[in-house]
Amino acid sequence: MVEVTVAAWISHVPCLTPNSFHSISNGKSRNKTTKVVPTSTKAWKIRTAVAAASCSSSVFGSFNQTVGGQVLREGECLEKYKKEGKGKKRVFFLDVNPLCYAGNKPSLQSFGHWVSLFFSQVCLTDPVIAVFDGDNCNELRRRLLPSYKAHRRKFFPQSTISKKYVRGQVGRSQQLIMDVLRKCNVPVLKVEGNEADDVVATLVDQVLERGYHVVIASPDKDFKQLISENVQIVMPLVELKRWSFYTLKHYMAQYNCDPQSDLSLRCIMGDEVDGVPGIQHLVPGFGRRTALKLLKKHGSLENLLNAASVRTVGRQYAQEALTKYADYLRRNYEVLALRRDVDVHLQEEWLLERDTSNDANVLSNFFRLLEETNKSTRESRSNFSNG
(Lines give C-alpha, C1' and ligand atoms only; values in the text may rest on other atoms or scores of the structure.)
Protein backbone atom coordinates (compact mmCIF):
# COMPACT_ATOMS: atom_id res chain seq x y z
CA MET A 1 0.00 0.00 0.00
CA VAL A 2 1.31 3.43 -0.94
CA GLU A 3 0.40 6.20 1.48
CA VAL A 4 0.70 9.59 -0.18
CA THR A 5 0.14 12.87 1.59
CA VAL A 6 -0.06 15.61 -1.02
CA ALA A 7 0.77 19.18 -0.16
CA ALA A 8 -2.21 21.43 0.52
CA TRP A 9 -1.93 24.95 -0.87
CA ILE A 10 -2.69 27.35 1.97
CA SER A 11 -4.56 30.47 0.87
CA HIS A 12 -3.44 32.67 3.81
CA VAL A 13 -0.18 33.29 5.62
CA PRO A 14 -1.39 33.08 9.21
CA CYS A 15 0.24 32.20 12.48
CA LEU A 16 -1.11 28.76 13.35
CA THR A 17 -1.95 27.81 16.88
CA PRO A 18 -0.23 24.75 18.37
CA ASN A 19 -3.52 22.86 18.34
CA SER A 20 -3.66 23.10 14.57
CA PHE A 21 -0.85 20.52 14.38
CA HIS A 22 -2.99 17.78 15.90
CA SER A 23 -4.88 15.28 13.73
CA ILE A 24 -4.92 17.43 10.60
CA SER A 25 -4.21 14.69 8.10
CA ASN A 26 -5.78 11.27 7.74
CA GLY A 27 -2.92 10.06 5.55
CA LYS A 28 -4.90 10.41 2.31
CA SER A 29 -4.26 12.69 -0.63
CA ARG A 30 -5.68 16.20 -0.36
CA ASN A 31 -6.38 18.27 -3.43
CA LYS A 32 -8.65 20.98 -2.08
CA THR A 33 -7.48 24.34 -0.82
CA THR A 34 -7.27 24.59 2.94
CA LYS A 35 -8.11 27.88 4.58
CA VAL A 36 -6.63 28.67 7.96
CA VAL A 37 -8.05 31.37 10.21
CA PRO A 38 -5.38 33.82 11.39
CA THR A 39 -4.86 34.31 15.10
CA SER A 40 -3.39 37.17 17.07
CA THR A 41 -0.49 35.08 18.37
CA LYS A 42 2.82 36.54 17.27
CA ALA A 43 5.06 34.22 15.28
CA TRP A 44 8.48 33.40 16.66
CA LYS A 45 11.66 34.04 14.82
CA ILE A 46 12.79 30.78 13.27
CA ARG A 47 16.45 31.53 13.79
CA THR A 48 15.92 31.85 17.53
CA ALA A 49 14.06 28.57 17.61
CA VAL A 50 16.68 26.82 15.54
CA ALA A 51 19.42 28.04 17.83
CA ALA A 52 17.63 26.40 20.71
CA ALA A 53 17.40 23.06 18.93
CA SER A 54 20.17 20.63 19.80
CA CYS A 55 21.25 17.42 18.12
CA SER A 56 24.06 14.95 18.69
CA SER A 57 26.89 14.57 16.20
CA SER A 58 26.49 10.80 16.34
CA VAL A 59 23.14 10.89 14.54
CA PHE A 60 24.87 11.12 11.18
CA GLY A 61 28.05 9.25 12.04
CA SER A 62 27.50 6.55 9.40
CA PHE A 63 28.17 9.00 6.55
CA ASN A 64 31.81 9.93 5.97
CA GLN A 65 31.65 13.70 5.82
CA THR A 66 35.11 14.48 4.50
CA VAL A 67 36.78 14.48 1.11
CA GLY A 68 40.35 13.27 1.11
CA GLY A 69 40.47 13.83 4.86
CA GLN A 70 39.42 17.50 4.54
CA VAL A 71 36.08 18.86 5.68
CA LEU A 72 34.18 20.45 2.81
CA ARG A 73 34.49 24.23 3.12
CA GLU A 74 31.31 26.18 3.69
CA GLY A 75 29.90 27.63 0.49
CA GLU A 76 32.41 25.86 -1.76
CA CYS A 77 30.20 22.88 -2.60
CA LEU A 78 27.10 25.01 -3.02
CA GLU A 79 28.78 27.37 -5.50
CA LYS A 80 30.29 24.50 -7.50
CA TYR A 81 26.95 22.75 -7.46
CA LYS A 82 25.15 25.79 -8.84
CA LYS A 83 27.67 26.11 -11.69
CA GLU A 84 27.68 22.41 -12.59
CA GLY A 85 23.88 22.08 -12.39
CA LYS A 86 23.15 25.24 -14.36
CA GLY A 87 20.54 24.75 -17.06
CA LYS A 88 18.78 21.81 -15.39
CA LYS A 89 15.89 22.04 -12.99
CA ARG A 90 16.40 20.37 -9.63
CA VAL A 91 14.18 17.92 -7.78
CA PHE A 92 15.01 17.21 -4.14
CA PHE A 93 14.28 14.01 -2.23
CA LEU A 94 14.17 14.50 1.54
CA ASP A 95 15.02 11.34 3.52
CA VAL A 96 13.06 12.21 6.67
CA ASN A 97 13.70 9.38 9.14
CA PRO A 98 17.41 9.97 9.94
CA LEU A 99 16.75 13.68 10.48
CA CYS A 100 14.38 12.82 13.35
CA TYR A 101 17.09 11.42 15.64
CA ALA A 102 19.72 12.93 17.89
CA GLY A 103 22.10 10.06 18.46
CA ASN A 104 19.90 7.02 19.04
CA LYS A 105 17.02 9.02 20.51
CA PRO A 106 14.01 10.32 18.55
CA SER A 107 14.18 14.12 18.44
CA LEU A 108 11.60 16.48 16.97
CA GLN A 109 14.05 19.31 17.66
CA SER A 110 16.55 17.67 15.34
CA PHE A 111 13.97 17.44 12.58
CA GLY A 112 12.95 21.08 13.03
CA HIS A 113 16.54 22.26 12.99
CA TRP A 114 17.53 20.48 9.79
CA VAL A 115 14.34 20.99 7.83
CA SER A 116 14.30 24.74 8.55
CA LEU A 117 17.87 25.06 7.26
CA PHE A 118 16.99 22.85 4.32
CA PHE A 119 14.04 25.01 3.25
CA SER A 120 15.78 28.35 3.77
CA GLN A 121 19.30 27.58 2.49
CA VAL A 122 19.19 24.53 0.20
CA CYS A 123 16.05 23.71 -1.79
CA LEU A 124 14.42 27.17 -1.72
CA THR A 125 11.50 26.98 -4.21
CA ASP A 126 12.66 23.81 -5.99
CA PRO A 127 10.26 20.85 -5.73
CA VAL A 128 10.80 18.55 -2.74
CA ILE A 129 9.51 15.00 -2.26
CA ALA A 130 9.70 13.76 1.34
CA VAL A 131 10.00 10.01 1.92
CA PHE A 132 9.50 7.96 5.11
CA ASP A 133 10.28 4.32 5.81
CA GLY A 134 7.14 2.23 5.38
CA ASP A 135 5.74 -0.09 8.03
CA ASN A 136 7.63 -3.43 8.15
CA CYS A 137 10.17 -1.90 5.78
CA ASN A 138 13.04 -4.22 6.76
CA GLU A 139 11.20 -7.54 6.48
CA LEU A 140 12.15 -8.26 2.86
CA ARG A 141 15.87 -7.95 3.53
CA ARG A 142 15.58 -9.72 6.88
CA ARG A 143 14.16 -12.75 5.12
CA LEU A 144 17.39 -12.84 3.13
CA LEU A 145 19.60 -11.98 6.10
CA PRO A 146 18.10 -12.12 9.64
CA SER A 147 20.91 -9.97 11.06
CA TYR A 148 20.02 -7.03 8.77
CA LYS A 149 19.56 -3.98 11.01
CA ALA A 150 18.63 -6.36 13.82
CA HIS A 151 20.41 -4.21 16.41
CA ARG A 152 17.81 -1.49 15.91
CA ARG A 153 15.17 -3.65 17.55
CA LYS A 154 16.87 -3.28 20.94
CA PHE A 155 15.72 0.33 21.26
CA PHE A 156 12.20 -0.94 21.97
CA PRO A 157 11.52 -2.12 25.54
CA GLN A 158 10.97 -5.82 25.92
CA SER A 159 7.51 -5.69 27.48
CA THR A 160 4.57 -5.73 25.07
CA ILE A 161 2.81 -2.83 26.78
CA SER A 162 5.90 -0.62 26.67
CA LYS A 163 6.51 -1.50 23.04
CA LYS A 164 2.99 -0.47 22.09
CA TYR A 165 3.36 2.77 24.04
CA VAL A 166 6.66 3.65 22.36
CA ARG A 167 5.28 2.87 18.90
CA GLY A 168 2.24 5.00 19.67
CA GLN A 169 4.49 7.90 20.61
CA VAL A 170 6.57 7.45 17.46
CA GLY A 171 3.42 7.32 15.35
CA ARG A 172 2.11 10.58 16.80
CA SER A 173 5.46 12.29 16.26
CA GLN A 174 5.58 11.06 12.68
CA GLN A 175 2.09 12.42 12.00
CA LEU A 176 3.15 15.80 13.40
CA ILE A 177 6.18 15.83 11.10
CA MET A 178 4.04 14.90 8.10
CA ASP A 179 1.67 17.75 8.92
CA VAL A 180 4.55 20.23 8.99
CA LEU A 181 5.85 19.03 5.63
CA ARG A 182 2.43 19.10 4.04
CA LYS A 183 1.79 22.67 5.24
CA CYS A 184 5.13 23.62 3.66
CA ASN A 185 3.79 22.23 0.37
CA VAL A 186 5.88 19.06 0.30
CA PRO A 187 4.30 15.77 -0.85
CA VAL A 188 5.02 12.92 1.58
CA LEU A 189 5.47 9.28 0.56
CA LYS A 190 5.37 6.21 2.77
CA VAL A 191 5.18 2.84 1.01
CA GLU A 192 4.28 -0.12 3.19
CA GLY A 193 6.94 -2.83 3.30
CA ASN A 194 9.60 -0.63 1.68
CA GLU A 195 12.50 1.40 3.01
CA ALA A 196 12.68 5.07 2.07
CA ASP A 197 16.00 4.38 0.30
CA ASP A 198 14.31 2.02 -2.19
CA VAL A 199 11.42 4.41 -2.82
CA VAL A 200 13.90 7.20 -3.55
CA ALA A 201 16.03 4.98 -5.82
CA THR A 202 12.94 3.99 -7.81
CA LEU A 203 11.74 7.57 -8.21
CA VAL A 204 15.20 8.92 -9.04
CA ASP A 205 15.19 6.96 -12.31
CA GLN A 206 11.74 8.33 -13.15
CA VAL A 207 12.82 11.92 -12.42
CA LEU A 208 15.98 11.55 -14.53
CA GLU A 209 13.91 10.27 -17.44
CA ARG A 210 12.08 13.62 -17.40
CA GLY A 211 15.37 15.51 -17.73
CA TYR A 212 15.70 16.83 -14.18
CA HIS A 213 18.73 16.99 -11.93
CA VAL A 214 18.30 15.03 -8.67
CA VAL A 215 19.53 15.99 -5.22
CA ILE A 216 19.06 13.57 -2.31
CA ALA A 217 19.02 15.20 1.13
CA SER A 218 20.24 12.54 3.55
CA PRO A 219 23.15 11.46 5.77
CA ASP A 220 22.64 7.82 4.67
CA LYS A 221 25.76 6.30 3.10
CA ASP A 222 23.62 3.89 1.03
CA PHE A 223 22.69 6.73 -1.32
CA LYS A 224 26.31 6.98 -2.46
CA GLN A 225 25.64 4.15 -4.91
CA LEU A 226 23.24 6.46 -6.79
CA ILE A 227 25.72 9.30 -7.29
CA SER A 228 26.33 10.31 -10.91
CA GLU A 229 26.73 13.45 -13.00
CA ASN A 230 23.00 14.07 -12.58
CA VAL A 231 22.50 12.76 -9.03
CA GLN A 232 24.07 14.46 -6.03
CA ILE A 233 23.69 14.26 -2.27
CA VAL A 234 23.30 17.13 0.16
CA MET A 235 24.17 15.98 3.64
CA PRO A 236 23.80 17.54 7.10
CA LEU A 237 27.13 18.31 8.73
CA VAL A 238 26.32 18.24 12.43
CA GLU A 239 29.63 19.68 13.60
CA LEU A 240 29.29 22.68 11.27
CA LYS A 241 25.51 22.99 11.68
CA ARG A 242 24.84 23.23 7.96
CA TRP A 243 24.04 21.22 4.85
CA SER A 244 26.79 20.49 2.33
CA PHE A 245 26.63 19.19 -1.24
CA TYR A 246 28.46 15.97 -2.06
CA THR A 247 29.06 15.30 -5.76
CA LEU A 248 30.56 12.63 -8.00
CA LYS A 249 33.81 14.61 -8.01
CA HIS A 250 33.92 14.54 -4.23
CA TYR A 251 33.20 10.82 -4.28
CA MET A 252 36.02 10.11 -6.75
CA ALA A 253 38.42 12.23 -4.71
CA GLN A 254 37.50 10.34 -1.55
CA TYR A 255 37.41 6.74 -2.83
CA ASN A 256 39.19 6.79 -6.22
CA CYS A 257 36.58 4.42 -7.65
CA ASP A 258 33.11 4.61 -9.16
CA PRO A 259 30.00 4.16 -6.95
CA GLN A 260 29.33 0.68 -8.31
CA SER A 261 32.75 -0.49 -7.17
CA ASP A 262 32.10 0.96 -3.72
CA LEU A 263 28.88 -1.05 -3.40
CA SER A 264 30.75 -4.19 -4.48
CA LEU A 265 33.43 -3.51 -1.89
CA ARG A 266 30.81 -3.21 0.85
CA CYS A 267 29.36 -6.56 -0.24
CA ILE A 268 32.76 -8.22 0.15
CA MET A 269 33.86 -6.45 3.34
CA GLY A 270 30.40 -6.31 4.91
CA ASP A 271 28.57 -3.45 6.60
CA GLU A 272 28.68 -3.49 10.39
CA VAL A 273 26.15 -0.67 10.73
CA ASP A 274 23.53 -2.59 8.74
CA GLY A 275 24.41 -5.96 10.25
CA VAL A 276 25.80 -7.46 7.02
CA PRO A 277 28.84 -9.76 7.66
CA GLY A 278 31.79 -9.67 5.29
CA ILE A 279 33.76 -12.51 3.75
CA GLN A 280 36.64 -12.00 6.20
CA HIS A 281 34.53 -13.79 8.81
CA LEU A 282 34.81 -16.89 6.63
CA VAL A 283 38.22 -16.27 5.05
CA PRO A 284 40.34 -14.15 7.47
CA GLY A 285 43.07 -13.57 4.88
CA PHE A 286 40.64 -11.92 2.44
CA GLY A 287 41.05 -8.28 3.42
CA ARG A 288 40.26 -4.85 2.04
CA ARG A 289 43.48 -4.60 0.03
CA THR A 290 42.74 -7.85 -1.79
CA ALA A 291 39.15 -6.80 -2.49
CA LEU A 292 40.17 -3.40 -3.84
CA LYS A 293 42.80 -4.91 -6.12
CA LEU A 294 40.35 -7.41 -7.60
CA LEU A 295 37.54 -4.88 -8.02
CA LYS A 296 39.84 -2.36 -9.66
CA LYS A 297 40.64 -4.97 -12.28
CA HIS A 298 37.13 -6.41 -12.80
CA GLY A 299 34.94 -3.40 -12.04
CA SER A 300 32.06 -4.97 -10.16
CA LEU A 301 31.28 -7.89 -7.87
CA GLU A 302 29.28 -9.73 -10.51
CA ASN A 303 32.07 -9.39 -13.07
CA LEU A 304 34.56 -10.64 -10.49
CA LEU A 305 32.44 -13.67 -9.54
CA ASN A 306 31.80 -14.55 -13.18
CA ALA A 307 35.51 -14.36 -13.96
CA ALA A 308 36.42 -16.47 -10.92
CA SER A 309 34.01 -19.18 -12.03
CA VAL A 310 35.90 -19.80 -15.27
CA ARG A 311 39.52 -18.82 -14.54
CA THR A 312 41.99 -17.93 -11.83
CA VAL A 313 41.65 -14.28 -10.79
CA GLY A 314 44.00 -14.10 -7.80
CA ARG A 315 45.89 -16.05 -5.20
CA GLN A 316 44.60 -19.46 -4.20
CA TYR A 317 42.84 -18.33 -1.00
CA ALA A 318 41.03 -15.55 -2.89
CA GLN A 319 40.14 -17.84 -5.78
CA GLU A 320 38.69 -20.45 -3.44
CA ALA A 321 36.77 -17.84 -1.46
CA LEU A 322 35.17 -16.31 -4.56
CA THR A 323 34.05 -19.68 -5.92
CA LYS A 324 33.01 -21.26 -2.63
CA TYR A 325 31.16 -18.23 -1.25
CA ALA A 326 29.78 -16.74 -4.46
CA ASP A 327 26.18 -17.17 -3.27
CA TYR A 328 27.08 -15.58 0.08
CA LEU A 329 28.44 -12.50 -1.70
CA ARG A 330 25.51 -12.28 -4.09
CA ARG A 331 23.17 -12.38 -1.11
CA ASN A 332 25.07 -9.46 0.43
CA TYR A 333 24.66 -7.58 -2.83
CA GLU A 334 20.93 -8.22 -2.85
CA VAL A 335 20.68 -6.90 0.70
CA LEU A 336 22.88 -3.81 0.26
CA ALA A 337 21.91 -2.72 -3.26
CA LEU A 338 19.04 -0.24 -3.41
CA ARG A 339 15.96 -1.61 -5.15
CA ARG A 340 14.49 0.32 -8.08
CA ASP A 341 11.32 -1.69 -8.56
CA VAL A 342 9.07 -0.30 -5.82
CA ASP A 343 5.45 0.09 -6.93
CA VAL A 344 5.41 3.88 -6.83
CA HIS A 345 4.95 6.27 -9.74
CA LEU A 346 6.04 9.88 -10.09
CA GLN A 347 3.19 12.40 -10.25
CA GLU A 348 3.55 15.56 -12.32
CA GLU A 349 2.29 17.77 -9.48
CA TRP A 350 5.27 16.65 -7.38
CA LEU A 351 7.53 18.46 -9.84
CA LEU A 352 5.89 21.88 -9.45
CA GLU A 353 7.75 24.79 -7.90
CA ARG A 354 7.24 24.78 -4.14
CA ASP A 355 5.25 27.62 -2.57
CA THR A 356 7.38 28.81 0.38
CA SER A 357 5.01 31.49 1.72
CA ASN A 358 3.95 29.38 4.71
CA ASP A 359 7.38 28.11 5.80
CA ALA A 360 8.11 30.77 8.43
CA ASN A 361 4.76 30.53 10.22
CA VAL A 362 4.51 26.76 10.08
CA LEU A 363 8.00 26.19 11.44
CA SER A 364 7.82 28.87 14.11
CA ASN A 365 4.60 27.33 15.40
CA PHE A 366 6.21 23.89 15.30
CA PHE A 367 9.02 25.10 17.55
CA ARG A 368 6.53 26.83 19.84
CA LEU A 369 4.61 23.59 20.19
CA LEU A 370 7.81 21.73 21.08
CA GLU A 371 8.72 24.27 23.76
CA GLU A 372 5.24 24.21 25.26
CA THR A 373 5.30 20.42 25.31
CA ASN A 374 8.73 20.36 26.94
CA LYS A 375 7.64 22.94 29.50
CA SER A 376 4.54 20.92 30.34
CA THR A 377 6.67 17.77 30.72
CA ARG A 378 9.12 19.52 33.04
CA GLU A 379 6.27 20.85 35.20
CA SER A 380 4.67 17.42 35.41
CA ARG A 381 7.95 15.86 36.52
CA SER A 382 8.49 18.61 39.05
CA ASN A 383 5.00 18.15 40.51
CA PHE A 384 5.50 14.40 40.65
CA SER A 385 8.82 14.68 42.46
CA ASN A 386 7.43 17.24 44.93
CA GLY A 387 4.28 15.23 45.51
Side-chain angles (χ1 to χ4, degrees), residues 55-69 95 97-106 133 137-156 195-198 200-201 216 218-227 233 235-239 246 251 254-296 300-302 304-305 317-318 321-322 324-339:
C55 48
S56 169
S57 61
S58 62
V59 63
F60 304 129
S62 64
F63 199 122
N64 191 325
Q65 299 170 351
T66 63
V67 176
D95 182 21
N97 289 86
L99 302 180
C100 302
Y101 284 82
N104 292 325
K105 296 180 179 180
D133 286 331
C137 63
N138 295 324
E139 293 309 308
L140 180 63
R141 286 182 169 90
R142 280 180 180 159
R143 285 198 292 269
L144 294 171
L145 182 64
S147 64
Y148 178 72
K149 294 186 178 180
H151 63 287
R152 302 190 182 186
R153 295 172 177 170
K154 69 182 180 181
F155 296 118
F156 287 113
E195 296 185 51
D197 302 18
D198 298 320
V200 171
I216 302 170
S218 176
D220 193 337
K221 66 184 181 305
D222 292 334
F223 285 121
K224 288 185 176 182
Q225 61 191 269
L226 299 180
I227 288 180
I233 296 173
M235 56 187 179
L237 298 182
V238 177
E239 293 82 1
Y246 186 89
Y251 182 94
Q254 184 176 1
Y255 295 104
N256 193 30
C257 67
D258 64 80
Q260 189 63 32
S261 295
D262 178 66
L263 173 59
S264 297
L265 180 62
R266 287 176 60 208
C267 294
I268 296 174
M269 301 309 300
D271 189 317
E272 184 177 351
V273 174
D274 286 345
V276 180
I279 199 171
Q280 67 272 21
H281 294 283
L282 303 171
V283 185
F286 202 125
R288 185 181 183 87
R289 182 180 299 179
T290 300
L292 281 171
K293 181 179 179 180
L294 292 171
L295 287 174
K296 187 174 183 179
S300 70
L301 176 64
E302 189 60 30
L304 175 59
L305 294 178
Y317 74 91
L322 293 172
K324 183 177 181 179
Y325 299 111
D327 291 341
Y328 176 95
L329 294 172
R330 287 192 172 99
R331 181 210 59 189
N332 279 3
Y333 188 91
E334 191 172 356
V335 170
L336 292 173
L338 297 184
R339 293 173 48 228

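For the pair L322 and L294, the minimum side-chain heavy-atom distance is below 4.5 Å. Between Y251 and D258, the closest side-chain pair of non-hydrogen atoms is not below 4.5 Å. Using a 4.5 Å heavy-atom threshold, the side chains of C267 and L329 count as separate.
Formation of a donor-acceptor pair under 3.5 Å by the Q225 side chain with backbone atoms of D222 is found in this model.
Counting all heavy atoms, side chain and backbone alike, Y148 lies closest to R142 at O-NE, 3.0 Å. Summarising the geometry of T290 relative to Y317, their closest heavy-atom pair is OG1-OH, 2.9 Å, with the distance given to 0.1 Å. The nearest pair of heavy atoms linking D95 to A196 is OD1-CB, 3.8 Å. Minimum heavy-atom separation, G275 to L145: O-CD2, 3.8 Å.
Salt-bridge check for E195 with K149: passed, with a basic side-chain N closer than 4.0 Å to an acidic carboxylate O. A salt bridge does not link R141 with D274: every distance from a Lys NZ or Arg NE/NH1/NH2 to an Asp or Glu carboxylate oxygen is 4.0 Å or more. At a threshold of 4.0 Å, the pair R331-E334 does not count as salt-bridged, since none of the basic side-chain nitrogens sits closer than that to a carboxylate oxygen.
Between the side chains of S261 and Y255, not a single donor N or O lies within less than 3.5 Å of an accepting N or O.
Note: Y328 and Y325 have perpendicular aromatic rings, judged against thresholds of 30 and 60 degrees for the angle between ring planes.
Applying side chain to side chain contact (heavy atoms under 4.5 Å, CB included) to Y333 and the options V276, L301, L305, I268 leaves one that passes, L301.
Here the OG-CG distance, from S300 to L265, works out to 12.5 Å after rounding to the nearest 0.5 Å. Note that SG of C137 is 9.0 Å distant from CG of D198, once rounded to the nearest 0.5 Å.
Judged as a side chain to side chain donor-acceptor pair (under 3.5 Å), and not counting sequence neighbours, the contacts of R330 are E302, N306.
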